[in-house]
Amino acid sequence: MHGRKRLTALIAAIAVVLAILVLARHTVSRIFITQTLSIATGYHFDIGEIRLQSDHGAFINTHVSKNGEPVLDAVRIDVTYNLRDLFPGSAHRFGLESVAIDQPHLTIIHHHNGTYNVGQLGTAATGSSTVPGVYHAGTPLDLTARIRRGSATLIDEYQYYKESRTQAIHNINLDLNTKSDERTHYVLTGAFADVTKDEPLRAVGTVDS
């Protein structure tokens, strides 16, 4: 449940920022985008370059951190959207139609005190996990998502043996087709990094409404 709220908060924040910036993209700077995302989510955003059009946005060299610790790095994030769908009666929740992420690296750190470097989005500034005025309960989450050449690292400082503190997955590829009022289907592949040889993983699933 918390994971779903965090995803909802992040998507809502991105939708609000895109709507503002596409309408005023000639006068609003990249600094405003990163500050807005940081305030809305509680994470620090650093984006090398942003390219916005009326129906497409590209975020180049994106770095997300929390309290100075890395969370997500991505070479490129592409988002397609329909601004009309930000209003009631739309076909796509938050106006989002697709998300494609190239070479993302996710870092999860489990600290000695049991906390993590990731937490519930939106609590830093508003204490809420959603962005008011954007979410419409009757609007389905209808989008495609794609990840290519991704990787992830889990650093568990709680582990006693140093050799067991770091686990890694690389060559992550994800294809997800979701429609929350009908059916969601995903295919995820990757490989657990091991000293002797990689251990491949594959997950295929379908979730109905």
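Any value given below was found using the heavy atoms of this structure, including those in side chains, with hydrogens, waters and symmetry copies removed.
- Under a hydrophobic-cluster definition in which Ile, Leu, Val, Met, Phe, Trp and Tyr are linked whenever side-chain heavy atoms come within less than 4.5 Å, directly or via other members, Ile169 and Val187 are assigned to different clusters.
- Under a hydrophobic clustering in which Ile, Leu, Val, Met, Phe, Trp and Tyr are joined whenever their side-chain heavy atoms come within less than 4.5 Å, directly or via other members, Leu72 and Ile60 fall into different clusters.
- Of the inter-residue distances, the one linking Ile109 atom CD1 with Thr153 atom OG1 reads 9.5 Å to the nearest 0.5 angstrom.
- Formation of a donor-acceptor pair under 3.5 Å by the His185 side chain with backbone atoms of Gly205 is found in this model.
- A donor-acceptor distance shorter than 3.5 angstrom exists from the side chain of Thr41 to the backbone of Leu37, with no hydrogens or angles considered.
- Following chains of ILVMFWY side-chain contacts shorter than 4.5 Å, one cannot reach Ile147 starting from Val75, and the two form parts of different hydrophobic clusters.
- Comment: Lys179 does not engage Asp208 in a salt bridge, judged by the lack of any side-chain N to carboxylate O separation of less than 4.0 angstrom.
- In the hydrophobic clustering of ILVMFWY residues, with side-chain heavy atoms under 4.5 Å counting as a link, Val64 and Ile47 come out together.
- Considering CD of Glu157 and CG of Asn117, their distance stands at 9.0 Å, rounded to 0.5 Å.
- No side-chain N or O of Ser65 forms a donor-acceptor pair with one of His44 less than 3.5 Å apart.
- When each of Asp142, Thr184, Thr144 is tested with Thr178 by the rule side chain to side chain donor-acceptor pair (under 3.5 Å), just one qualifies, namely Thr184.
- With sequence neighbours excluded, no residue forms a side chain to side chain donor-acceptor pair (under 3.5 Å) with Arg146.
- No donor-acceptor contact under 3.5 angstrom links the side chains of Asp73 and His105, judged on distance only.
- One side chain, His110 or Asp156, offers a donor N or O that lies under 3.5 Å from an acceptor on the other.
- When all heavy atoms of Leu201 and Phe192 are compared, the pair lying nearest together is CD2-CE1, 3.4 Å.
- Using modelled atom types and a 3.5 Å distance limit, the side chains of His56 and Thr80 yield no donor-acceptor pair.
- Taken from CG in Asn82 to CG in Leu96, the straight-line distance is 10.5 Å, to the nearest 0.5 Å.
- Taking 4.5 Å as the limit, some side-chain heavy atom of Tyr43 sits within range of a side-chain heavy atom of Val71.
- The cluster map of Ile, Leu, Val, Met, Phe, Trp and Tyr, joined by side-chain heavy atoms under 4.5 Å apart, puts Leu141 and Ile77 in the same cluster.
- The minimum heavy-atom distance linking Leu143 with Ser98 is given by the pair CB-N, 4.2 Å.
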Should Arg149 and Asp102 be marked as a side chain to side chain contact (heavy atoms under 4.5 Å, CB included) after you check the CA-CA gap, both sets of side-chain angles, and the distance that decides it? CA-CA 7 Å; Arg149 297 176 291 176; Asp102 183 40; 2.8 Å; yes
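- Across every non-hydrogen atom of Thr34 and Ser38, the tightest pair is O-OG, 2.8 Å.
- Side-chain N/O atoms of Asp198 and His170 include a donor and acceptor closer than 3.5 Å.
- Here the CD1-OG distance, from Ile172 to Ser151, works out to 6.0 Å after rounding to the nearest 0.5 Å.
- Side-chain contact between Ile108 and Tyr116: present, with at least one pair of heavy atoms (C-beta onward) separated by less than 4.5 Å.
- Between the CG atom of Asn173 and the OG1 atom of Thr189 there is a distance of 4.5 Å, given to the nearest 0.5 Å.
- Between Ile33 atom CD1 and Phe59 atom CZ the span is 6.0 Å, to the nearest 0.5 Å.
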